Amino acid sequence: AQSVAQPEDQVNVAEGNPLTVKCTYSVSGNPYLFWYVQYPNRGLQFLLKYITGDNLVKGSYGFEAEFNKSQTSFHLKKPSALVGDSALYFCAVRAGGNTGFQKLVFGTGTRLLVSP
Amino acid sequence: SAVISQKPSRDICQRGTSLTIQCQVDSQVTMMFWYRQQPGQSLTLIATANQGSEATYESGFVIDKFPISRPNLTFSTLTVSNMSPEDSSIYLCSVQYHRDRGRETQYFGPGTRLLVL
């Protein structure tokens with residue numbers, strides 16, 4: 001069965017500093033990995049995904065994530081944080097492949113707080 | 001990306017009543033999903049709603065409590081029946097397109113915030 005771990009409930013960073021939100025996963029076979037962001041009183045917005053190919057994927061709002069197969073990680077990063085990045089971030093994983101439906105499994109979420 | 005709308009955006013309901021949440025998508029999709037996000041929690045899949053077939057429920061969720069309709073490829077409803085305060089959550093509709101580009105991605109609606117008194 002798939003699982004996702006986000007070890008940090010909250011990450012605090014000062015504006016302008018780089019940020020990292022951690023995610024590790026467990027899945028049978030090749031993983032499809034996703035990051036979503038949830039702003040207060042909003043739904044989930046898709047940020048980026050890794051399906052195959054280059055291990056470094058770039059997404060919306062200047063975010064990027066690096067797929068590391070040996071460490072089974074998919075950490076979310078941004079070189080320079082903005083106050084507006086403050087939100088709840090979810091990592092999710094699905095088993096790859098085209099045969100049948102594979103459920104998307106979410107981590108518990110990490111709250112990012114960017115201070116001015 | 002998808003344009004997904006939900007109605008109502010929020011509601012306050014009395015114990016024992018039922019609420020039907022609507023989800024409308026801007027284009028046809030094969031798979032639609034309903035999630036629950038309890039306060040301070042992650043997302044939990046309630047059921048998968050495919051057009052032309054019965055919804056498939058996850059463990060812990062039953063059709064009598066959460067009946068789902070999927071009358072066409074752009075619309076679905078979720079009913080929360082005989083509500084109790086424990087049903088207070090955000091309910092999210094999600095879709096996945098089955099086309100070559102972006103088919104692996106699920107997109108989410110803005111959510112319906114439900115408070116049961």
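Just so you know, these numbers come straight off a predicted model, no measurement behind them. Side-chain atoms are counted along with the backbone in the values below, which use heavy atoms only and exclude waters and symmetry mates. Letters A, B, ... are given to chains in the order of the sequence lines, protein chains preceding strands, and every chain is numbered from 1.
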Start with the C-alpha distance between B/Y35 and A/F106, add both sets of side-chain angles, then the distance that settles side chain to side chain contact (heavy atoms under 4.5 Å, CB included), and finish with yes or no. CA-CA 11 Å; B/Y35 286 82; A/F106 285 86; 3.8 Å; yes
Supply the atom-to-atom distance [X] [atom1] to [Y] [atom2], rounded to the nearest 0.5 angstrom.
X	Y	atom1	atom2	answer
A/Q38	B/F108	CD	CZ	9.5 Å
B/S94	A/L104	OG	CG	7.5 Å
B/T105	A/R94	OG1	CZ	7.5 Å

By number, which residues in residues 78-87 of chain A have some heavy atom less than 4.5 Å away from chain B? none
Proximal to chain B - members of residues 107-116 of chain A, heavy-atom separation under 4.5 Å: A/G107, A/T108
Group every Ile, Leu, Val, Met, Phe, Trp and Tyr by side-chain heavy-atom contacts under 4.5 Å, then state whether [X] and [Y] land in the same group.
X	Y	value
A/V11	A/V4	yes
A/V93	A/V37	yes
A/Y39	A/L19	yes
B/M31	B/L73	no
B/W34	A/F90	no

A quick test of your reading: do over 12 heavy atoms of other residues, nucleotides or ligands sit less than 6.0 Å from NZ of A/K22? no
Quick check on B/Q38: does its CD atom have over 12 non-hydrogen neighbours (other residues, nucleotides or ligands) under 6.0 Å away? yes
For A/K103 and B/E58 the tightest heavy-atom approach is NZ-OE1, 2.9 Å
Walk me through whether B/L43 and A/L44 qualify under side chain to side chain contact (heavy atoms under 4.5 Å, CB included). CA-CA 10 Å; B/L43 281 76; A/L44 264 69; 3.9 Å; yes
Answer whether the closest heavy-atom distance between the side chains of B/Q106 and A/Y36 falls below 4.5 Å. yes
Those residues of residues 75-84 of chain B that come under 4.5 Å of chain A on a heavy-atom basis, listed by number, are none
In residues 13-23 of chain B, which residues are in contact with chain A at a heavy-atom separation under 4.5 Å? none
Measure distances from B/Q6 to the heavy atoms of chain A and classify the residue's part below 4.5 Å as side chain, backbone, both or neither. neither
